[in-house]
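Any value given below was found using the heavy atoms of this structure, including those in side chains, with hydrogens, waters and symmetry copies removed. Reminder, nothing fancy here: chain letters follow the sequence lines and each chain counts from 1.
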Amino acid sequence: MRLDLLPRARRSPWLDLLSPALAFAAAVLIGGLAVAAFGVPPGQAFLAYFVAPLSEAWSLQEVALKAAPLALIATGLAFCYRANLWNIGAEGQVVIGGLAGGWVAIAAHGSEGATVWILPAMLLAGTTAGLAYAMIPALLRVKLGVSEILTSLMLVYVAQLLLDYMVRGPLRDPQGYNFPQSVGFDEAARLPALMTGESLHAGAPIALLAVLLATLVLARTLFGFEVRAVGASPRAARFAGFSDARLTLAVFAISGGAAGLAGICEVAGRIGQLQPEISPGYGFTAIIVAFLGRLSPPGILLAALVIAVTTIGGEGAQIDLKLPLDLTRAFQGLLLCLVLGADVLTRYHIRIVPGGAGGGALP
Amino acid sequence: MDAAPAPPGPREGPTPLFGAYGIVKRFGDFTANDRIDLEIRAGEIHALLGENGAGKSTLMKILYGLLEPTEGVVTHQGDIVRLANPEAARALGIGMVFQHFSLCENLTVAENIALVMPAALTGRALAERIARLGQDYGLHLDPARPVWSLSAGERQRIEIVRCLLQDPKLVILDEPTSVLTPGEAEALFSVLERLRDEGRALLYISHRLDEVRRLCSRATILRAGRVVGSCNPRAETARSLAAMMVGTQVNEVQPRAARRAGAVRLVLDRLSLPAPGLHATPLRDISLSVAGGEILGIAGIAGNGQPELFDALSGESQAPVPEAVRLDGRPVGHLGINARRRLGAGFVPEERNGHAAIPQMSLSDNALLSRHATAPLSRFGLLRRARARELARRVIEAFDVRKAGPDPAAGTLSGGNLQKFVVGREILAEPGILVINQPTWGVDAAAAAQLRQAVLDLAGRGCAVVVISQDLDELFEIADSIAVLHDGLLSPPVPAGATSRAAVGLLMGGAEETGAEAGETPAAPARRALVQVP
């Protein structure tokens, strides 16, 4: 037996919208079965995973805090992936962005005049550093034809070890009892909270702005057209006069810059100092978010929220229902597989060919 | 086909070797084959004629077991058979020679043949059988040669040998001469006649009417999925066959009254370019010049440097020195495609899907693809979508592009309509220089005539046109002068009226033209290499 994928002549726009919702429903069903196997009533788990995180002010803020960097990084990555370029090193660009921006804050620590310009300088330094770090795999690819997949991934570990070295060495707080961390940032070097006394900071509106901007750029600008054209057909894009090399550099700059900005927003927002770990793998999770959102910025925003809700919900479920945290990861992976699978089914229909290679003629 | 009806009897004469009766094939709402009857007898070459989209390929795939019919039956010597897959078809003695070869470039001839043979037959035994077949039929092949080093004609011989090794009773040939030189085609014909004389049946699919009239004793003509007639092609003229295929009288292209010799607009000056890839062709010392109002035809068989020459002209690949390419006297060899477009040049590449157009994108996006640098379709980097749609609409109207919906994806158009769109997109820009590669490849006769007329009219308005084509009929119809591209070398252009198909055909095969026909231009030294033809 053999399965053939035949392209559908017409794609229904309704099915396009419906397919992620159906995939989500299927993931919830399968997840429910898994939860039941753990001996937990699925209904209760559903409440813990999907309802509890949205029911209180503090958990809503947590969701937004988690979703913001994911959406920001994934939006940048969407430019790369749309153009069929595979930057999977956003995590490293996050770390370098946080490190560079944090360095600015530490250098200005305690100085009197540094009040108005310090935060913009940090954001600029973080963005630029992430961008520059992403230029390494981009330039290697453009100039030498090196696979950007390998280099961008390996540079993640370089970035993480560099941060580790810096907070244990040059940037360590001299009065920090040898803990591997920097001094706490000045108040002027922190992203302001959106509401006094609350945890939600300006990172969320920055991410929202990036999503809006990216939507506009992809749909309405010549550059967005170029990204889509290169992704759909490199040969035709060359015929349009678009340069592969220039576009490679541009999309890596965008994704690296976005990741760097997300990194410094984390450091200047939630953490407030440099430490060996500044990102719980946002740069990797953002790859899932980008594809879960089908590489469209509004979809990415939604996907970031879904991932954030299930992550927060998973933490709650671990405490309240004794469900393992890995179940959350498994659910997120399952969701991605189902969304991608549903996408294939909207574009193709499956023909089952019985017999396959061994078939013969009827008498 | 659970309740199989009784096998329909033959309509005339003895039981046919293979029959197809009442074949219907639907793809969704679209009916590709509509109640087709076809009978093929042993010892005949049966032509299947029709325009692109007439349903020839669908019918052929049904006979080879690649598709199952929605309705209808296939019979073998009067018994109903079910062809569930190509293995079943082969078991009944049906063999097929595809238009697009399915060969592994990096394997040898023998390895490619062994791929489709039973596992037991390998090594020396197989090489012997290949050699024996080669002798019997004049299909000479060196079993140890890697496929990438072979010409199209030799590659086709592999396909034919693969097919003959299975001793087929029916051989289906899909456009077999489309990649061959006239000489290679002649050799193929004698193989086919030999197969016929052995009592095998051949189903010959082609749109080359002269070949069909020469080879075939019966022809079935398809139009829009239906059989519209059958005839003895030898009793018909090429024109009457074409009229049956198209359904109307085919328009003849109006020749221009007087050819005005304008100023030279496009020059290639001793252009050499290394091969861009392993299986690509290097361009060697190519010179040409085209004046306004002139159409230069570049003949040649696929794989002799046509895409490389096109890319060098368009700026998709750049010349080593700026002076090697000149547009209206300006050196542009170092400039990219958009800079050349801004100087008034337009380009239509061979491949519609994925080069001239992006199939997933709408027609208005595809208008943007080649015109974003030369038409006011964006401002400050922002797209002006309404203008792109307007441009697409004008192309669609001017070139009668048939489509579904207001702004459909390019991939939903038929080949001919998409070709009209990508040609029209350039012609509406009124280019001063137009380079067009295979303008009517895979396009039906009516659309082809329309496109050729549009190119002629454009030249009449003072445009310098380069037409790269494998179709000699087309070149003799519209070109003022013809040059031949062979192995990356360009022969000196000759006025179309002063040469013949045979002479051009010889050059296409790599032979040095003899006699005075080559004109007084001295042949480039590198051309001497061409003389050593085996």
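Counted within 6.0 Å of NZ on K61(B), heavy atoms from surrounding residues, nucleotides or ligands total 12 or fewer; the atom is thus considered open.
Interface remark: of the candidates A237(A), A232(A), S243(A), P234(A), A232(A) forms the most heavy-atom pairs closer than 4.5 Å to chain B. Counting heavy-atom pairs closer than 4.5 Å to chain A, the top residue among P349(B), G336(B), S314(B) is P349(B). Note: L369(B) leads L382(B), L369(B), N338(B) in heavy-atom pairs under 4.5 Å with chain A.
Heavy atoms closer than 4.5 Å to chain A are found in the side chain of R341(B), but not in its backbone. For S378(B), the part lying under 4.5 angstrom from a heavy atom of chain A is the side chain only. Residue L377(B): no heavy atom, backbone or side chain, is found under 4.5 Å from chain A. Of the two parts of I337(B), only the side chain, counted from C-beta on, holds a non-hydrogen atom closer than 4.5 Å to a non-hydrogen atom of chain A. Contacts of A357(B) with chain A are made by backbone atoms alone, with heavy-atom separations under 4.5 Å and no side-chain atom involved. For a residue to count as touching a neighbouring chain, one of its non-hydrogen atoms must lie under 4.5 Å from one of that chain's; by this rule H372(B) touches chain A with the side chain only.
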Worksheet entry | D365(B)/R228(A) under side-chain contact (heavy atoms from CB on, under 4.5 Å): CA gap, chis, key distance, verdict | CA-CA 10 Å; D365(B) 273 356; R228(A) 289 185 285 131; 3.3 Å; yes
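No cation-pi contact links R220(A) to F380(B), judged by a cut-off of 6.0 Å to the six-membered ring centre and 45° from its axis.
Side-chain contact between E351(B) and F239(A): absent, with no pair of heavy atoms (C-beta onward) separated by less than 4.5 Å. Between D311(B) and R238(A) there is no side-chain heavy-atom pair separated by less than 4.5 Å.
Considering OG of S233(A) and CD of Q360(B), their distance stands at 7.5 Å, rounded to 0.5 Å. A distance of 4.5 Å separates CG in L368(B) from CZ in F225(A), rounded to the nearest 0.5 Å.
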